[in-house]
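Being a predicted model, the structure only gives us computed values, none of them experimental.
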Amino acid sequence: MSVTIERTSDGIAVLTFSAPPVNLYSLELHEELDRALDEVEADPPRALLVRAEGRVVSGGVDVAQFHARKTQADTQALYDRMVELPNRIEALDVPTFFAAHALTLTWAFEVALACDIVLASEKAKFGLVERVIGLTPTMGGTQRLAGRAGVGRAKELVFTGELYDAATLERWNVVNRVLAVDGFDDAVLEIVRQVAVGPTRAFGAAKQILRHFEAGGVPEANAHTTRIAAGLFATDDLQGGMESFLRDGPGKATFTGR
């Protein structure tokens with residue numbers, strides 16, 4: 001089992017998890033993911049990419065860890081711990097990406113939904129299959145699916161427990177882009193790189209505004225937009241970007257993320 005953080009020269013942090021043979025969620029894996037996220041938070045990148053090693057992204061969770069809980073209170077404590085992972089990723093103020101190269105079930109799908117952008121290979125399939133053990137998703141997948149695809153589609157995925165291909169979920173606005181299997185990793189990095197070289201603080205501001213939108217719609221977002229945008233005033237990227245625009249025209253600015 002391993003979770004690593006590699007940083008590229010253009011400011012991307014690549015978080016890779018591996019728990020052979022099929023990357024099941026366990027509390028031990030969660031602890032390793034927490035350590036990696038500690039590193040990300042201590043030195044924020046310009047973009048975060050979450051990916052998996054192995055023939056699948058994840059086959060689901062270690063059901064034995066669920067079954068070992070003997071009381072409702074202990075069970076809720078486990079679920080409370082589990083939901084911390086996607087919540088922590090969602091709270092990051094840098095652009096976040098999830099790369100799904102193959103089968104992506106339960107917890108990994110829920111983590112993907114907590115990322116800003118979901119990139120999938122043509123062979124990837126996704127599912128919230130908790131119904132097979134009589135459970136409902138516990139890591140926010142249901143509500144995040146509803147936010148992307150609507151309540152009806154969220155109910156469909158959870159109720160049926162079926163697997164859905166990347167093309168279908170792209171059509172439903174769950175997956176952002178479907179990429180070819182050949183060269184998938186390189187294509188993912190190129191998409192992440194295009195965002196990573198942009199005005200990172202401005203992207204963080206956009207995420208803050210959208211959190212207000214999710215909490216209370218357009219009126220709630222409007223109530224905070226000008227304050228959040230004005231907070232960018234002293235950033236190097238905004239001041240430099242305006243100067244570059246006036247001097248050289250649009251599209252010539254170089255951003256540093258500061």
| query | In terms of hydrophobic clustering (I, L, V, M, F, W, Y; side-chain heavy atoms under 4.5 Å; direct or indirect links), are Val129 and Leu103 co-clustered? | reply | yes
| task | With sequence neighbours left out, write down each residue that passes salt bridge (Lys or Arg N to Asp or Glu O under 4.0 Å) with Asp165, or none if nothing qualifies. | result | none
| request: Verify the cluster assignment for Val63 and Leu135: are they in a single hydrophobic cluster under the rule of side-chain heavy atoms below 4.5 Å apart? | output: yes
| For Glu84, salt bridge (Lys or Arg N to Asp or Glu O under 4.0 Å) partners two or more places apart | Arg81
| From Leu15 atom CG to Glu6 atom CD, the distance as rounded to the nearest 0.5 Å | 10.5 Å
| said: Please find the pair of heavy atoms, one from Cys115 and one from Thr96, that lie closest to each other, and give the distance. | reply: CA-OG1, 3.4 Å
| message | If the condition is side chain to side chain contact (heavy atoms under 4.5 Å, CB included), which residues does Arg201 pass it with, not counting sequence neighbours? | response | Leu232, Thr235
| Under 3.5 Å donor-acceptor, Glu110 side chain and Gly140 backbone | yes
| remark: Heavy-atom closest pair (Leu24 atom, Leu29 atom, distance to 0.1 Å) is O-CD2, 3.6 Å
| said: Once side chain to side chain contact (heavy atoms under 4.5 Å, CB included) is applied, do any residues pair with Arg55, and if so which ones, sequence neighbours excluded? | reply: Val22
| query | If you link I, L, V, M, F, W and Y whenever their side-chain heavy atoms are under 4.5 Å apart, who else ends up in the same group as Val192? | reply | Ile12, Val14, Leu49, Phe97, Ile117, Leu119, Leu179, Phe184, Val188, Leu189, Ile191, Val195, Phe203
| request: Measure the OG1-CG distance between Thr104 and Asn23 for me, rounded to the nearest 0.5 Å. | output: 10.0 Å
| remark: Between Ile5 and Ala13 the two heavy atoms that sit nearest each other are CG2-CB, 4.3 Å
| message | Looking at Arg211 and Glu214, is there a salt bridge between them, counting it only when a charged N and a carboxylate O are closer than 4.0 Å? | response | no
| request: Please name all residues satisfying side chain to side chain donor-acceptor pair (under 3.5 Å) with Gln76, sequence neighbours left out, ordered by chain then number. | output: none
| message | Looking at every non-hydrogen atom in both residues, tell me the closest pair between Arg7 and Pro44 and how far apart they are. | response | NH1-C, 4.3 Å
| task | For side chain to side chain contact (heavy atoms under 4.5 Å, CB included), just list the numbers for Thr106 and Thr138, CA-CA rounded to whole Å, side-chain angles, deciding distance to a tenth of an Å, and then say yes or no. | result | CA-CA 9 Å; Thr106 66; Thr138 63; over 6 Å; no
| field | Donor-acceptor contact present, side-chain Asn173 to main-chain Ala149, <3.5 Å | value | no
| said: How close do Ser26 and Met1 get, counting heavy atoms only, and between which atoms? | reply: OG-CE, 3.8 Å
| query | Backbone N or O of Ala221 within a donor-acceptor pair of the Thr225 side chain at under 3.5 Å? | reply | yes
| Knowing that exactly one of Val57, Leu48, Asp116, Ile89 qualifies, which makes a side-chain contact (heavy atoms from CB on, under 4.5 Å) with Phe98? | Val57
| Spacing of Leu37 atom CG and Arg88 atom CZ [to the nearest 0.5 Å] | 5.0 Å
| message | If hydrophobic clusters are built by linking Ile, Leu, Val, Met, Phe, Trp and Tyr wherever their side-chain heavy atoms come under 4.5 Å apart, do Met139 and Phe66 end up in the same one? | response | yes
| request: Could you list who else is in Val218's hydrophobic cluster, with ILVMFWY side chains joined at under 4.5 Å, directly or through other members? | output: Phe213
| Cluster companions of Phe245 among Ile, Leu, Val, Met, Phe, Trp, Tyr (side-chain spacing under 4.5 Å) | Leu246
| remark: Grouping ILVMFWY residues whenever side-chain heavy atoms fall under 4.5 Å, the cluster of Phe159 otherwise contains Phe109, Leu113, Val118, Phe126, Leu128, Leu145, Leu157, Val158, Tyr164, Leu169, Trp172, Val174, Val175, Val178
| query | Among all residues two or more places apart in sequence or in another chain, which pass the side chain to side chain contact (heavy atoms under 4.5 Å, CB included) test with Thr71? | reply | Ala73, Asp74
| query | Do Gln65 and Glu28 have side-chain atoms, one donor and one acceptor, less than 3.5 Å apart? | reply | yes
| query | What distance separates Ile209 CD1 from Asn222 CG, expressed to the nearest 0.5 Å? | reply | 9.5 Å
| request: Output all residues satisfying salt bridge (Lys or Arg N to Asp or Glu O under 4.0 Å) with Lys125, sequence neighbours left out; order by chain, then residue number. | output: none
| task | Run the ring-centre check on Trp107 versus Phe17 and record whether the distance is less than 6.0 Å. | result | yes
| task | Using a 4.5 Å cut-off on heavy atoms from C-beta on, say whether the side chain of Val3 contacts that of Arg35. | result | no
| query | About how many Å separate OG1 of Thr142 and CD of Glu130, when rounded to the nearest 0.5 Å? | reply | 7.5 Å
| task | Provide the closest heavy-atom pair for Phe255 versus Arg46 in the form atom of the first, atom of the second, distance. | result | O-NH2, 3.1 Å
| said: How about CZ on Arg148, more than 12 heavy atoms from neighbouring residues, nucleotides or ligands closer than 6.0 Å, or not? | reply: yes
| field | Min side-chain heavy-atom separation Pro45-Val40 under 4.5 Å | value | yes
| field | Partners passing salt bridge (Lys or Arg N to Asp or Glu O under 4.0 Å) against Glu156 (at least two apart in sequence or in another chain) | value | Arg153
| field | More than 12 heavy atoms of other groups within 6.0 Å of Arg69 CZ | value | yes
| field | Joint hydrophobic cluster, Val132 plus Met82, side-chain heavy atoms closer than 4.5 Å | value | yes
| query | Looking only at side chains, do His224 and Glu220 share a donor and an acceptor under 3.5 Å apart? | reply | yes
| message | I'd like to know if Ile133 and Leu27 are part of one continuous hydrophobic network [Ile/Leu/Val/Met/Phe/Trp/Tyr, side-chain heavy atoms within less than 4.5 Å]. | response | yes
| field | Check: Val94 main-chain N/O paired with Lys207 side-chain donor or acceptor under 3.5 Å | value | yes
| query | If you round to the nearest 0.5 Å, how far is CG of Asp34 from CD of Glu39? | reply | 13.0 Å
| request: Return yes when atom CG of Asp80 has more than 12 non-hydrogen atoms of other residues, nucleotides or ligands closer than 6.0 Å, and no otherwise. | output: yes
